[in-house]
Amino acid sequence: MASILYLSLLMVFLSLSEAQPPDQPTMSALRTALTGPDWPPTGDVSDYCSWRGIKCDSSQSVIELDLSRRGLQGNLSSISGLALLRVLDLSFNSFVGSIPGSIESLSALEILDFSSNKFEGPIIPGLGRLSGLKSLNLSYNFLTGRIPDEMKSIEGLEELQLSGNNLSGSIPLWVGNLIQLKVFSAYENRLLGSIPRNLGSLSPLQVLNLHSNQLVGPIPGSIFFSGRLEILILTLNELNGSIPDSIGNCRGLSNVRIGNNRLTGPVPEAIGKVSGLTYFEADNNRLSGGVSLGFARCMNLTLLNLASNQLSGIVPPELGWLKNLQELIISDNGLTGEIPMLLLTCKSLNKLDLSNNRFNGSLPRGLCNGTRLQFLLLNGNSLTGEVPPEIGNCGRLLQLQLGGNYLTGLIPPDVGRLKNLQIALNLSFNGFKGPIPRDLGKLDKLVSLDVSNNQLTGSIPAELKGMLSLIEVNFSNNLLMGPIPIFGPFQKSLSSSFLGNKGLCGYPLNQSCDGSYGVEENHHKVSYKIVLAVIGSGLTVFMAVMVVVVLFMVRERQEMAAKAAAAAEGNEISNAPLVVVGNVFVENLKQAIDLESAVKASLKDSNKVGSGTFSTTYKAVMPSGLVLSVKQLKSIDRTVVHYQNKMVRELERLGNLCHENLMRPIGYVIYEDVALLLHHHMQNGTLFRLLHESSKLNFEPDWPRRLSIAVGIAEGLAFLHHVAIIHLDISSCNVFLDAGFKPLIGEIEVAKLLDPSKGTASISAVAGSFGYIPPEYAYTMQVTAPGNVYSYGVVLLEILTSRPPVDEAFGEGIDLVKWVHGASGRGETPEQIMDSRLSTVSFAWRRQMLGVLKVAMSCTETTPAKRPKMKKVVEMLLEAK
């Protein structure tokens, strides 16, 4: 009897064991204790091994818990029950408070990642009990205090990442005793003291990143002993001493950034042994000697920045062997000699900055043999002779700085062939003579022009009005004469931009132009007031006659066009819908816009140019020849008629919105139950077209243009939020580009005209375009400012990657945002997800793109509260720029 009872109890025990997997109580507790957009998981808690991010062993014990990027917060104390847990990744969530002490009991843990949360307070000493830990990442939290000495017991640690906190104190000596350490990253803290002298002497160190701290002392030679170092970043500290010769041990060292310190001595010749070197930045130090000839043997070198040091001697011509060199920046030193011709044979050279040295000789005629040269900065040297006409061959230049030299002769008109010149043309403080070339007026993208402090003569050419992008000018201290042309950028400049020219007159100078210029004898002088009065009267009569003639011609053409259309289309006119109401807001366009023609254009599918969530767009050619974009709003019942007065008021209000990055309506037409909005036609189409159809349009990838577009969209959206307008459909298809590729946000009217609560739009459509919809819209169905920020972040990712928001190549259920945010999990670097046609052109472009990528990542955070406001987005973009 006893044996039967025993067997029965055993069977009950076994059945209970089978019914409840070992970690079910813990996972049940976590399910309750955590909150997030897609948490808790659906389904039975006993099936926790099938939850996303959970990996179990054969006994259904949880061994991996990856809940990264889930917007989670809550209590983690119950996690201590996962006795066999080896991987715990809670990165990119919203956990707050101190690091939970329950972590200390996870003795099997090998990988712990708490990065990008809001943990605060000190690093708990109990982490030292996790003796089997191989990777620890606590970066980007609000941690304070010192790195605890108790962690020295984690002897098998391979990766220690503590960056982006407020840690203080010195780097403990025991970090140098970690014999397996490959990655040590503690940048952007407040660490003091020196780098441990034994760091790397016992370990296969591959990455050392300690930038932006307050470290002092030398760079220890031990970090190069193993020969495995690949990345060394120590910028923005107070390190001193020389660069160790042992750097030559690391042939695979690709990235050295040690700028903004107090390093002295020469760059060792041993640098030539570092065959994998790609970036070398040591600017803003106190390095001396010459530019090391060793760099000429680093055939993979892409960027060399030795600016703002105490270098002397000549630039080795052998640097011209570096066929991959894109940026050479050696400004603000004491370098002498001529510009090496061999250097100009570097076909990949994008930026050459030799400014503020003592270079002499003349400008080489083969200055632009490097066909990719975009930045040429030679100002502040002792260059002599004339600017060769071959300067016009530098067709890709964005910036040309030749100021502060001893250049003479005429400014060659060939400078006018530099059609891509945008940032600056600086020819100041030289000895140029003769007139300002009229050809400069062809530089319609140029922002800054400085020809001051020369001996230029003649007048300021009226052709300079062709410089449509000009913002800053300086013509001061020359021998110029005559009236300053009436041109916006000139009128907005300070008078100091024109001072020092005795013959100049007009605004913004206080000298009037009443006198007659160019007339030598007094008896030939005629009062300009009389001449102007006669000419003015004649012009008035002539213009009046011409206006009458033109009006008759326009009227006649309209009548002929109407007759021709009636003959060709039969009874179409008589059958055309009756216009209920319509108006044109822009006074000088009222004569050029025919409302009935706009209606008829919207009735033909052949005129359709696009269809969005809320509207269909047609191209309409007016009888006057003006081309319009006609947008037909989509509605689901007769609400256009019911709310006609409200719509008209809102349209007129929107037509008065003043911001250069908004596509405002210029008029409207309402017939039957249809509303048509009239806009200027944008000849460059949409941003989507530029990004994803550029090969068909023969547009070369251009990062400065894309960045300018990104900033413009952000500024327009920030303005909308400022005036309390939330856009319903931010996407690259709703960003239009004018003739100068200035972005204009379209469909701003929709937010005020299609009100879901009144039936004027489908509630299911309000979320916007597929791929741009914020994750929270799935359950709130409310359009918000943070939702706009998310959609804008998707547009930024499009600009950076040249990929559409939804693509089968990403994988099932993966959109652009998830694909980008998942890059690190796939083992991909940020550089690998950006458009390589842009990121590999120059280091400056790559640096800006990485900055913009950070902005895009913050905009597309899963949690709305973590996204920045659009005003802040604009600031961050301008910082990246």
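Every value quoted in this text rests on a predicted model; they were computed, and no experiment measured them.
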Can you find a pair of side-chain heavy atoms, one from [X] and one from [Y], that are under 4.5 Å apart?
{"X": "I314", "Y": "V291", "answer": "no"}
{"X": "L398", "Y": "P704", "answer": "yes"}
{"X": "S858", "Y": "M876", "answer": "yes"}
{"X": "L133", "Y": "M151", "answer": "no"}
{"X": "L304", "Y": "E327", "answer": "no"}
{"X": "F114", "Y": "D89", "answer": "no"}
{"X": "L205", "Y": "K182", "answer": "no"}
{"X": "N240", "Y": "T264", "answer": "no"}

If only atom types and distance count, is the side chain of [X] paired as donor or acceptor with the main-chain N or O of [Y] below 3.5 Å?
{"X": "N356", "Y": "G334", "answer": "no"}
{"X": "N249", "Y": "I247", "answer": "no"}
{"X": "N261", "Y": "E238", "answer": "yes"}
{"X": "N285", "Y": "I258", "answer": "yes"}
{"X": "N305", "Y": "E281", "answer": "no"}
{"X": "N381", "Y": "L354", "answer": "yes"}

Taking every non-hydrogen atom, the tightest pair across [X] and [Y]:
{"X": "S428", "Y": "N430", "result": "O-ND2, 3.0 Å"}
{"X": "N420", "Y": "G395", "result": "ND2-O, 2.9 Å"}
{"X": "M341", "Y": "P364", "result": "SD-CB, 3.2 Å"}
{"X": "F224", "Y": "L229", "result": "CE2-CD2, 3.7 Å"}
{"X": "P196", "Y": "P172", "result": "CG-O, 3.7 Å"}
{"X": "L192", "Y": "L215", "result": "O-CD2, 3.5 Å"}

I'd like to know whether NZ of K323 has more than 12 heavy-atom contacts from other residues, nucleotides or ligands below 6.0 angstrom. yes

Heavy atoms from other residues, nucleotides or ligands near CD of Q832 exceed 12 (cutoff 6.0 Å): yes

Rounded to the nearest 0.5 Å, how far apart are [atom1] of [X] and [atom2] of [Y]?
{"X": "N213", "Y": "N189", "atom1": "CG", "atom2": "CG", "value": "5.5 Å"}
{"X": "L344", "Y": "L373", "atom1": "CG", "atom2": "CG", "value": "8.0 Å"}
{"X": "L427", "Y": "L407", "atom1": "CG", "atom2": "CG", "value": "8.5 Å"}
{"X": "D332", "Y": "L306", "atom1": "CG", "atom2": "CG", "value": "12.0 Å"}
{"X": "Q422", "Y": "R705", "atom1": "CD", "atom2": "CZ", "value": "8.0 Å"}

Is there a donor in the side chain of [X] and an acceptor in the side chain of [Y], or the other way round, less than 3.5 Å apart?
{"X": "S185", "Y": "S163", "value": "yes"}
{"X": "D835", "Y": "S802", "value": "yes"}
{"X": "N255", "Y": "R257", "value": "yes"}
{"X": "Q401", "Y": "N426", "value": "yes"}
{"X": "N309", "Y": "D283", "value": "no"}
{"X": "S292", "Y": "E269", "value": "yes"}

Over 60° means perpendicular and under 30° means parallel, so tell me whether Y187 and Y140 are parallel, tilted or perpendicular. perpendicular

Using side chain to side chain contact (heavy atoms under 4.5 Å, CB included), reason through Q161 and L136 one step at a time and then give a plain yes or no. CA-CA 6 Å; Q161 301 184 62; L136 174 62; over 6 Å; no

Under the side-chain hydrogen bond (donor to acceptor under 3.5 Å, both in side chains) criterion, do N350 and Q326 qualify, and how do the steps go? CA-CA 5 Å; N350 173 271; Q326 295 179 14; over 6 Å; no

